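Residue numbers run from 1 in the order of the sequence given. Because only heavy atoms are used, hydrogens play no part in the values below, and waters and symmetry mates are left out as well, while side chains stay in. Start at 1 and go down the list; that is how both ligands and their atoms are numbered. Predicted, not measured: the structure shown is a model, and the values here were computed from it.
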Amino acid sequence: MSEEAKAYVAGIFDRAAGDYEQVGVDFFGPVGARLALHAQPGERVLDVGCGRGASLFPAAERVGPTGFVHGVDLAPGMVREAGAELERRGVTNARVTLGDAESLDFPDESFDAVQSGLVIFFVPDMPQAAREIARVLRPGGRLALATFAEDREEDQTLQATLRNLLTPYLPPPPPTANGPTPAERLRTPESLHTLLKDFTTIEFADHLQRILFPTPDHYWSWLWSAGMRAMMESIPTPALPEAKHTFTEGVRSLAAPDGTFTFTMPLRFTTATRP
Ligand SMILES: C[S@@+](CC[C@H](N)C(=O)[O-])C[C@H]1O[C@@H](n2cnc3c(N)ncnc32)[C@H](O)[C@@H]1O
């Protein structure tokens with residue numbers, strides 16, 4: 001089951017990789033830059049689920065020439081794109097390889113810090129990923145995580161409105177799909193405390209990330225470019241033109257006078273120390 005779930009996630013992000021962070025909507029970039037603030041000059045940092053490098057590139061800059069950042073990702077497309085970008089930018093203190101958070105291919109105690117931005121809730125066996133992260137961290141090493149936080153009440157109505165625009169085109173969930181969606185996992189401080197039970201000095205910093213969509217079409221493209229792609233791919237192909245029309249017109253009706261649409265995403269940045 002775990003292998004099947006991982007293959008599914010890898011496939012979604014593999015197909016999204018070409019468009020990930022490329023559709024003119026800034027989200028993962030600012031989140032990654034904030035996450036990488038923990039990295040210190042000279043450190044060896046592991047980026048788990050590095051994607052196209054939203055937190056890997058700023059961390060590489062922060063650790064500088066005497067430090068090193070190693071990114072791993074389950075999706076070959078992400079590894080390919082991030083690797084190409086490393087080469088394009090001439091970054092020599094970072095590398096990216098295929099890897100799985102549940103079984104990290106590194107010796108014990110080989111990193112000063114581990115960072116993981118909006119990844120861990122996609123991992124079927126999250127406690128196993130936490131054990132692996134603790135294993136590869138040196139004693140006193142630090143973990144920095146970004147996850148989604150609880151929705152604010154004032155955003156819930158807008159979210160329901162947006163969701164309802166697509167609901168008529170989505171198939172009914174299969175009977176097995178009664179667990180929480182990835183975004184719903186790890187959404188409370190308690191769930192993070194439980195996951196990080198082997199860590200100390202756990203601290204949270206919540207942050208509201210604004211996402212600006214220049215046009216409704218940008219929003220539609222963005223939905224295909226990351227994890228929401230799983231939902232978008234479940235829309236039957238013949239229904240896609242109508243679904244797109246309904247969605248973009250719905251967003252247009254909610255847009256600002258200049259045609260832009262802004263959405264607020266509650267995020268939680270967690271830091272913890274390996275004893
Ligand atoms: C929402 S993206 C975040 C990527 C990057 N951290 C960022 O902030 O842009 C989630 C990433 O986690 C990766 N991923 C999912 N499950 C994984 C696992 N078990 N091991 C490693 N990476 C995984 C996906 O392939 C995807 O690139």
Closest approach of any protein heavy atom to [atom], naming residue and atom:
| atom | value |
| --- | --- |
| atom 1 (C) of ligand 1 | Leu118 O, 3.3 Å |
| atom 8 (O) of ligand 1 | Gly117 O, 3.5 Å |
| atom 19 (N) of ligand 1 | Asp100 OD1, 3.0 Å |
| atom 13 (C) of ligand 1 | Asp73 OD2, 3.4 Å |
| atom 16 (N) of ligand 1 | Leu74 CD2, 3.7 Å |
| atom 20 (N) of ligand 1 | Ala101 N, 2.9 Å |

From CA spacing to verdict: ring pair (Phe, Tyr, Trp, His ring centres under 6.0 Å), His193, Phe204: CA-CA 10 Å; His193 270 295; Phe204 305 115; 5.3 Å; yes
Has [X] got any heavy atom lying under 4.0 angstrom from an atom of ligand 1?
| X | result |
| --- | --- |
| Met78 | yes |
| Cys50 | yes |
| Val48 | no |

Any chance [atom1] of [X] has more than 12 other-residue heavy atoms, nucleotides or ligands included, within less than 6.0 Å?
| X | atom1 | result |
| --- | --- | --- |
| Arg252 | CZ | yes |
| His245 | NE2 | no |
| Glu153 | CD | no |

Interfacing atoms of ligand 1 (cut-off 4.0 Å, heavy-atom, Val123):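 What qualifies from ligand 1 is 19 (N).
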N/O separation below 3.5 Å, Ser55 to ligand 1: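 Ser55 vs ligand 1: no N/O contact under 3.5 Å.
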Side chain to side chain contact (heavy atoms under 4.5 Å, CB included) between Met232 and Trp220, worked out: CA-CA 9 Å; Met232 302 309 281; Trp220 177 262; 3.4 Å; yes
Heavy-atom side-chain contact between Leu104 and Val72 under 4.5 Å: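 Of all side-chain heavy-atom pairs linking Val72 with Leu104, at least one is under 4.5 Å.
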Tyr169-Thr246 side chain donor-acceptor pair, cut-off 3.5 Å: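 Yes.
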Worked verdict on Leu46 versus Leu137 for side chain to side chain contact (heavy atoms under 4.5 Å, CB included): CA-CA 9 Å; Leu46 175 66; Leu137 273 174; over 6 Å; no
Residue selection (non-hydrogen contact nearest [atom]) among [options]:
| atom | options | result |
| --- | --- | --- |
| atom 5 (C) of ligand 1 | Ala16, Ala54, Gly49 | Gly49 |
| atom 3 (C) of ligand 1 | Phe121, Tyr8, Phe27, Tyr20 | Tyr20 |
| atom 21 (C) of ligand 1 | Gly71, Gly51, Ala75, Gly99 | Gly99 |

Straight-line distance of Phe263 CZ to Leu254 CG, nearest 0.5 Å: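 Going from the CZ atom of Phe263 to the CG atom of Leu254 covers 11.0 Å.
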Face-on cation placement of Arg89 at Phe57 ring, 6.0 Å and 45° thresholds: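 Yes.
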Which segment of Val9 sits under 4.0 Å of ligand 1 when only heavy atoms are counted: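 Answer for Val9: side chain.
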